[in-house]
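Notes for the one structure printed next.
Since this is a predicted model, take the numbers as computed values, not measurements.
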Amino acid sequence: MINKGDKAVCVLCSGTVKRYYYKKLQVLPKLEKNITDLDAQEKRNEEKVIDDFISIMDSLIKEFSARFSQFKELSETFKFIMYPDVISFDKLNLSQFDWLEIEELEMQLIDFQSSSIWIQKFIETRKKLELIEAERLTSNISKNTSHEILETWNSIPDAFNCLKKLAYAILTIFSSTYACESLFSEINNIKDSIRNRLTDDSNSACILLKVTSYNPDISYFSSNLQQQKSH
């Protein structure tokens with residue numbers, strides 16, 4: 001997920017962000033050309049500002065091109081999470097997924113695409129996502145589309161475990177190191193030099209509570225503890 005305005009947008013599911021930045025890359029050279037074509041008098045008056053701006057444009061073009069080049073290379077593979085029923089195995093770029101141990105992926109994909117049941121499953125999922133998107137555009141009500149996709153993949157039997165491994169790997173890709181950096185910061189706050197006797201299990205539990213939206217019912221747990229003590 002990355003930020004777009006005041007909303008978090010999924011790069012993999014909607015493709016909106018990816019297209020957004022590629023369009024930006026097409027516009028930036030045009031802006032640079034317009035600045036360069038200013039008449040001589042204007043350019044003399046604003047020479048330093050214009051040169052700085054052109055330099056910034058060059059840097060942005062290089063930065064965005066490098067940052068999203070991998071998404072472009074894997075764009076067909078990303079479609080797998082939504083279109084496993086129609087995608088061709090030859091179009092999948094699996095160079096980044098060797099660690100998954102999915103040697104039987106091609107054979108399982110053939111079996112999967114030969115089943116009308118699983119084909120229909122993803123056709124229905126895509127229809128649901130279309131309705132969710134239409135609702136978002138017409139009534140400005142946002143729903144978690146990732147939940148629908150994950151729920152569909154969870155319903156697929158383990159006979160297609162290689163397909164599921166690839167889908168889960170794609171769904172858990174994130175576009176920046178923000179999540180990792182934030183997690184390390186939380187770990188440093190939780191397990192500091194004073195709490196040196198904190199076990200790994202307790203540390204993991206504290207981190208999960210910190211980085212998730214889970215809100216434990218403290219009153220319920222404390223009442224149960226009191227009842228156990230009285231017994």
Side-chain angles (χ1 to χ4, degrees), residues 1-5 7-29 59-114 118-119 121-130 132-133 136 142-156 158-183:
M1 307 300 292
I2 66 175
N3 287 330
K4 183 180 178 183
K7 297 180 179 178
V9 181
C10 179
V11 180
L12 306 180
C13 302
S14 65
T16 303
V17 176
K18 178 165 66 67
R19 290 196 300 271
Y20 171 78
Y21 282 110
Y22 281 137
K23 287 182 180 179
K24 286 285 186 181
L25 289 178
Q26 295 171 3
V27 172
L28 290 178
S59 297
L60 284 174
I61 291 170
K62 291 176 183 177
E63 182 182 346
F64 283 129
S65 296
R67 185 178 297 180
F68 292 96
S69 61
Q70 193 174 29
F71 280 109
K72 188 175 182 180
E73 292 171 7
L74 296 173
S75 58
E76 287 297 318
T77 306
F78 289 158
K79 293 178 183 178
F80 174 80
I81 59 173
M82 288 292 297
Y83 300 92
D85 52 318
V86 293
I87 198 166
S88 170
F89 178 80
D90 296 333
K91 289 187 176 182
L92 296 176
N93 181 353
L94 303 176
S95 59
Q96 304 295 323
F97 303 98
D98 294 338
W99 52 277
L100 284 178
E101 299 180 356
I102 49 176
E103 292 80 6
E104 298 181 14
L105 179 66
E106 185 173 9
M107 295 302 294
Q108 289 186 12
L109 187 61
I110 293 171
D111 292 339
F112 185 87
Q113 293 177 348
S114 300
W118 306 120
I119 290 174
K121 186 79 173 175
F122 278 89
I123 291 174
E124 291 172 359
T125 299
R126 291 194 289 269
K127 286 181 179 178
K128 283 183 184 177
L129 295 179
E130 287 178 11
I132 291 172
E133 178 65 11
R136 183 188 68 81
S142 297
K143 291 184 179 179
N144 191 346
T145 55
S146 298
H147 175 73
E148 294 289 341
I149 300 169
L150 185 59
E151 193 175 70
T152 300
W153 277 106
N154 284 339
S155 68
I156 303 300
D158 287 337
F160 302 109
N161 63 319
C162 291
L163 277 69
K164 295 177 73 172
K165 283 182 182 179
L166 179 59
Y168 292 152
I170 295 173
L171 284 168
T172 52
I173 291 175
F174 48 89
S175 57
S176 77
T177 59
Y178 166 78
C180 289
E181 292 169 1
S182 177
L183 181 61

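For Asp90, there are no side chain to side chain donor-acceptor pair (under 3.5 Å) partners two or more places apart in sequence or in a different chain.
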Checklist entry - Yes or no on side-chain contact (heavy atoms from CB on, under 4.5 Å) for Met82 and Leu129, after CA distance, side-chain angles and deciding distance? => result CA-CA 10 Å; Met82 288 292 297; Leu129 295 179; 3.0 Å; yes
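A side chain to side chain contact (heavy atoms under 4.5 Å, CB included) with Cys162 is found for one member of Glu106, Met107, Glu101, Gln108 and no other, namely Gln108. No option in Trp153, Phe112, Phe122 other than Trp153 meets the ring pair (Phe, Tyr, Trp, His ring centres under 6.0 Å) test with Phe80.
Residue Ile123 holds its CD1 atom at 11.0 Å from OH of Tyr83, rounded to the nearest 0.5 Å. Here the CG atom belonging to Asp85 is positioned 13.0 Å from the NZ atom belonging to Lys121, to the nearest 0.5 angstrom. To the nearest 0.5 Å, atom CG of residue Leu163 and atom CD1 of residue Ile81 are 13.0 Å apart. Residue Leu92 holds its CG atom at 4.5 Å from CD1 of Ile87, rounded to the nearest 0.5 Å. The CD1 atom of Ile149 sits 8.5 Å away from the OG1 atom of Thr125 when rounded to the nearest 0.5 Å. If you take CG on Leu100 and CG on Leu94, they are separated by 8.5 Å, rounding to the nearest 0.5 Å.
Under the 30°/60° scheme for interplanar angles, the aromatic rings of Phe160 and Trp118 are found to stand perpendicular.
Closest heavy-atom contact between Ile132 and Glu148: CD1-CG, 3.8 Å.
Other residues, nucleotides and ligands contribute more than 12 heavy atoms inside 6.0 Å of the NZ atom of Lys164. In the displayed structure, Glu104 atom CD is contacted under 6.0 Å by at most 12 heavy atoms of other residues, nucleotides or ligands.
Listed for the Gln113 side chain is a donor-acceptor partner under 3.5 Å among the backbone atoms of Pro84.
The pair Glu124-Lys127 fails the salt-bridge criterion, with no side-chain N (NZ, NE, NH1 or NH2) lying under 4.0 Å from an Asp/Glu carboxylate O. Salt bridge status for Glu76 with Lys79: present, with a side-chain N to carboxylate O gap under 4.0 Å.
Screening residues 89-110 for ring-ring contact (aromatic ring centres under 6.0 Å, His included), with sequence neighbours left out, gives no hits.
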